[in-house]
Amino acid sequence: MTGQEPPTPIDDGAANATAQPSDERAFRACMGRFTTGVAVATTMADGAPVAVTVNSLTSVSLSPPMLLFCLDRTARSLPAFRRSGFFAISILALGQQELSTRFASGGKQWDDIPVTFWRTGAPILSESLAALECRLDAVYPGGDHEILVGAVERCCVLNWQPALLYHGGQYAELPE
């Protein structure tokens, strides 16, 4: 310790704000300051593709390669991911915001989207930056979400464009 006073906590971007007990709004504001990439998780259910946009994608282990993402316990897609035992992750490129919003909502999500299929049969968005095919290894409770851990069975960088980013509740890009 240097004996210096810690920096003043910042709540929701206001300078010199006083630290408040954590609540959902404050937590969301704080985590919104953490820039993430955007990905689409896919699986199959009853012969039909299922997809959801995620930005909670995290590497868990290099050896063996494992990753995780989180889904709200009330997400309509959660049972499909739990039942199938497999999923794919497509990491989105800067120009793919429309895909992100399409898979974040319901509707005819798959119209006019080029996909490929690897071993598991989970759809992979052909024009994404990278794709990872996983076997569902574990599901853990995480508050109002569930944490899905996947063992990566195959992965591939598909192109080298800039990534689609999410920051402060909106899509973002790195300045040139």
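When a residue number appears, it is its place in the shown sequence, counting from 1.
When all heavy atoms of Ala104 and Thr53 are compared, the pair lying nearest together is N-OG1, 3.3 Å. Annotation for Ala163 and Leu129: closest pair CA-CD1, 3.4 Å, computed over non-hydrogen atoms. When all heavy atoms are compared, the tightest approach of Ala39 to Ile89 is CB-CG2, 3.8 Å. Counting all heavy atoms, side chain and backbone alike, Pro123 lies closest to Phe117 at CA-CE2, 3.7 Å. Annotation for Thr42 and Val40: closest pair CG2-CG1, 3.8 Å, computed over non-hydrogen atoms. The minimum heavy-atom distance linking Cys70 with Ile147 is given by the pair SG-CG1, 4.0 Å.
Distance check: Thr43 OG1 to Leu136 CG gives 8.5 Å after rounding to the nearest 0.5 Å. Remark: Ser84 OG to Arg135 CZ distance equals 12.5 Å, nearest 0.5 Å. With values rounded to the nearest 0.5 angstrom, Ile91 atom CD1 is found 11.5 Å from Leu164 atom CG. Taking CG from Leu71 and CZ from Arg76, the interatomic distance works out to 12.5 Å, rounded to the nearest 0.5 Å. Rounding to the nearest 0.5 Å gives a distance of 7.0 Å between OG of Ser56 and CG of Leu68. Atoms OG1 and CD1, on Thr116 and Ile124 in that order, are 4.5 Å from each other to the nearest 0.5 Å.
Annotation: side chain of Val149 is in contact with side chain of Met66 (closest heavy-atom distance under 4.5 Å).
Listed for the Gln96 side chain is no donor-acceptor partner under 3.5 Å among the backbone atoms of Val38.
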Show your reasoning for whether side chain to side chain contact (heavy atoms under 4.5 Å, CB included) applies to Met44 and Val50. CA-CA 6 Å; Met44 296 294 287; Val50 174; over 6 Å; no

Do Phe34 and Tyr166 pass the side chain to side chain contact (heavy atoms under 4.5 Å, CB included) test, and can you show the C-alpha distance, the side-chain angles, and the key distance before you say yes or no? CA-CA 9 Å; Phe34 182 67; Tyr166 199 72; over 6 Å; no

Please step through side chain to side chain contact (heavy atoms under 4.5 Å, CB included) for the pair Leu165 and Glu173, ending with a clear verdict. CA-CA 6 Å; Leu165 302 177; Glu173 62 183 272; 5.5 Å; no

I'd like to know whether Ile113 forms a side chain to side chain contact (heavy atoms under 4.5 Å, CB included) with Phe103, so could you lay out the CA-CA distance, the side-chain angles of the two residues, the decisive distance to 0.1 Å, and finally the verdict. CA-CA 11 Å; Ile113 297 175; Phe103 287 114; 3.5 Å; yes

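In this structure, Leu57 is not a member of the same hydrophobic cluster as Leu92, with clusters built from ILVMFWY side-chain heavy atoms closer than 4.5 Å. Clustering ILVMFWY residues whenever any of their side-chain heavy atoms sit less than 4.5 angstrom apart, transitively, puts Trp110 in a cluster other than the one holding Phe87. Transitive grouping of hydrophobic side chains (ILVMFWY, heavy atoms separated by less than 4.5 Å) keeps Leu99 and Leu132 in distinct clusters. Following chains of ILVMFWY side-chain contacts shorter than 4.5 Å, one cannot reach Leu125 starting from Phe86, and the two form parts of different hydrophobic clusters. Cluster membership for Val52 and Val139, using ILVMFWY side-chain heavy atoms within less than 4.5 angstrom, is shared.
Within 6.0 Å of CD in Glu24 there are 12 or fewer heavy atoms belonging to other residues, nucleotides or ligands. Atom OH of Tyr140 has 12 or fewer heavy atoms from other residues, nucleotides or ligands within 6.0 Å. Within 6.0 Å of the CG atom in Asp46, the count of heavy atoms belonging to other residues, nucleotides or ligands does not exceed 12.
Shown here are the salt bridge (Lys or Arg N to Asp or Glu O under 4.0 Å) partners of Glu146, two or more places apart in sequence or in another chain: Arg73, Arg82.
A donor-acceptor contact closer than 3.5 angstrom links the side chains of Ser100 and Tyr171.
Each of Cys134, Cys155, Ser61, Ser59 was compared with Leu67 under the side-chain contact (heavy atoms from CB on, under 4.5 Å) criterion, and only Cys134 meets it.
Checked against the 6.0 Å centroid criterion, the rings of Phe81 and Phe69 qualify as a close aromatic pair.
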